[in-house]
Amino acid sequence: MRKKAGILLLLWMVTQVCISCAKVGPEEDAVVPIYGSNVKDGVYEVTVDSSSSMFRITDCELNVENGDMTAVMTMGGTGYRYLYMGSKEQAANAAEESYITYEENADGAHTFTVPVEALDLGISCAAFSKKKETWYDRTLLFRGDSLPQEAFGQDMITTVEDLGLTDGTYWIAVTLAGGSGKTKVESPAKLVVQDGRALATVVFGSPNYDYVLVDGERCEPTNTEGNSTFMIPVMGFDWNMPITADTTAMSTPHEIDYTLYFDSATIKGD
């Protein structure tokens, strides 16, 4: 009996380690970071993912100026006194003047203004709890796909004109990111250029998508059997192009935000 109990205990410990390893913070799978030099100066509403439900951000305003980015994050609670951009160990050994203190807005909510190294990049942030009087590690992900297309500078997006693509059929490597991280698309994808406009045939690794939204344009499936296939406009190459795909795999249809990255360096003629 003792031997059996020991084996069960060992299995439980291994399971806990696996669970801990799986919790790595906001998803960044296959996403290319976007730096301030690629975003036009301005103020934008941006979505922020947090690695902890205890560190909830209800609103975020991104400020971009001369390639530098800062964000004003409105918190869902008032439980944190300081933030520090780094690990909890670094925060504990840093001078207090380097801590970021909160401000109270007109609604009584706490806001923190933090530097943003890049969008679509997990950023380490330590948060000091008022109640526990200790630092906690958090990871923040400022989502590039929550910005409008016009926010991106010309250096960020490569166009058909930039590439000098003539009308014809090509193949291009494409990567899907977002959602649960489990969904993939076939790569390379077929690319058709006509009258200066590029259209890509995107084949999902699932038959459960019934439409895709790209820059407000609704794309219907081009097939009735097999994995869901769509011909969608390519708004630009070499950036995380936001799309929304509606899945019917759940109890009710559900729209999911993704990004598609079309790598212009891989384009080959048919």
Side-chain angles (χ1 to χ4, degrees), residues 25-53 55-77 80 83-85 100-125 127 138-159 162 175-179 212-218 232-245 255-262:
E27 181 184 339
E28 300 174 72
D29 182 40
V31 177
V32 178
I34 300 171
Y35 294 90
S37 58
N38 298 124
V39 183
K40 294 179 181 178
D41 286 1
V43 179
Y44 308 96
E45 292 294 321
V46 66
T47 300
V48 188
D49 292 343
S50 168
S51 61
S52 172
S53 60
F55 191 85
R56 190 168 60 90
I57 301 158
T58 60
D59 187 70
C60 185
E61 187 177 82
L62 182 73
N63 294 272
V64 184
E65 186 175 0
N66 298 324
D68 293 325
M69 297 190 293
T70 58
V72 180
M73 302 186 304
T74 302
M75 308 304 297
Y80 294 99
L83 297 186
Y84 179 85
M85 305 313 289
I100 300 170
T101 57
Y102 68 84
E103 295 184 5
E104 192 170 300
N105 65 17
D107 298 322
H110 286 189
T111 67
F112 289 95
T113 301
V114 301
V116 178
E117 179 184 355
L119 308 177
D120 294 337
L121 176 71
I123 299 174
S124 296
C125 174
R138 305 290 184 239
T139 302
L140 304 178
L141 185 75
F142 297 86
R143 299 186 64 95
D145 60 5
S146 62
L147 295 184
Q149 184 187 357
E150 56 266 24
F152 297 101
Q154 291 302 312
D155 292 339
M156 183 64 195
I157 304 175
T158 306
T159 66
D162 293 334
T175 304
L176 179 81
V212 171
L213 300 175
V214 183
D215 195 33
E217 181 177 342
R218 177 168 170 143
I232 68 171
V234 179
M235 309 307 297
F237 305 91
D238 306 326
W239 73 303
N240 301 312
M241 186 181 85
I243 68 169
T244 300
E255 291 187 346
I256 302 176
D257 291 330
Y258 295 105
T259 61
L260 287 171
Y261 187 90
F262 293 93

**Q.** Contact summary for Gly77 and His110, nearest pair of heavy atoms
**A.** O-CB, 4.1 Å
Q: Enter the distance from Phe55:CZ to Thr139:OG1 here, rounded to the nearest 0.5 Å.
A: 10.5 Å
Q. Does a side-chain heavy-atom distance below 4.5 Å link Phe237 with Asp162?
A. no
Q: First locate atom CD1 of Ile123, then atom OG of Ser51, and finally report the distance between them rounded to the nearest 0.5 Å.
A: 12.0 Å
Q: Quick one: sort the Phe112 and Tyr102 rings into parallel, tilted or perpendicular, breaks at 30° and 60°.
A: perpendicular
(Q) Restricting to non-hydrogen atoms, name the atom on Ile34 and the atom on Gly144 that form the minimum distance, rounded to 0.1 Å. (A) CD1-CA, 4.1 Å
Q. Out of curiosity, Thr47 OG1 to Leu119 CG, how far, rounded to the nearest 0.5 Å?
A. 11.0 Å
Q: Enter the distance from Thr244:OG1 to Asp145:CG here, rounded to the nearest 0.5 Å.
A: 8.5 Å
Q. Just wondering, are more than 12 heavy atoms of other shown residues or ligands nearer than 6.0 Å to CD in Glu45?
A. yes
Q. Considering only heavy atoms from C-beta outward, does the side chain of Val46 approach that of Leu147 to under 4.5 Å?
A. yes
Q. Are the side chain of Asn105 and the backbone N or O of Asp107 linked by a donor-acceptor pair below 3.5 Å?
A. yes
(Q) Tell me the closest heavy-atom pair linking Ala71 and Val116, and the distance in Å. (A) CB-CG2, 3.7 Å
Q. Considering only heavy atoms from C-beta outward, does the side chain of Ile57 approach that of Met75 to under 4.5 Å?
A. yes
Q: Look up atom OG1 in Thr113 and atom CG in Leu83, then write down how far apart they are to the nearest 0.5 Å.
A: 10.0 Å
**Q.** Pairwise side-chain contact, Met241 with Phe152, heavy-atom cut-off 4.5 Å (strictly under)
**A.** no
Q: Indicate yes or no: at least one non-hydrogen side-chain atom of Tyr261 is less than 4.5 angstrom from one of Leu176.
A: no
Q) Out of curiosity, Leu141 CG to Leu121 CG, how far, rounded to the nearest 0.5 Å? A) 7.5 Å
Q. How close do Met235 and Asp215 get, heavy atom to heavy atom, and via which atoms?
A. CE-OD2, 3.3 Å
Run the side-chain donor-acceptor check on residues 58-70: report pairs under 3.5 Å with partners two or more places apart or on a different chain.
| unit_1 | atom_1 | unit_2 | atom_2 | d |
| --- | --- | --- | --- | --- |
| Thr58 | OG1 | Thr74 | O | 3.2 |

Q: Answer whether the closest heavy-atom distance between the side chains of Asp49 and Arg143 falls below 4.5 Å.
A: yes
Q) Just by modelled atom types, is the Asn240 backbone N or O under 3.5 Å from a matching donor or acceptor in the Thr259 side chain? A) no
Q.
Using side-chain heavy atoms (C-beta onward) and a distance below 4.5 Å, is Val212 in contact with Ile243?
A. yes
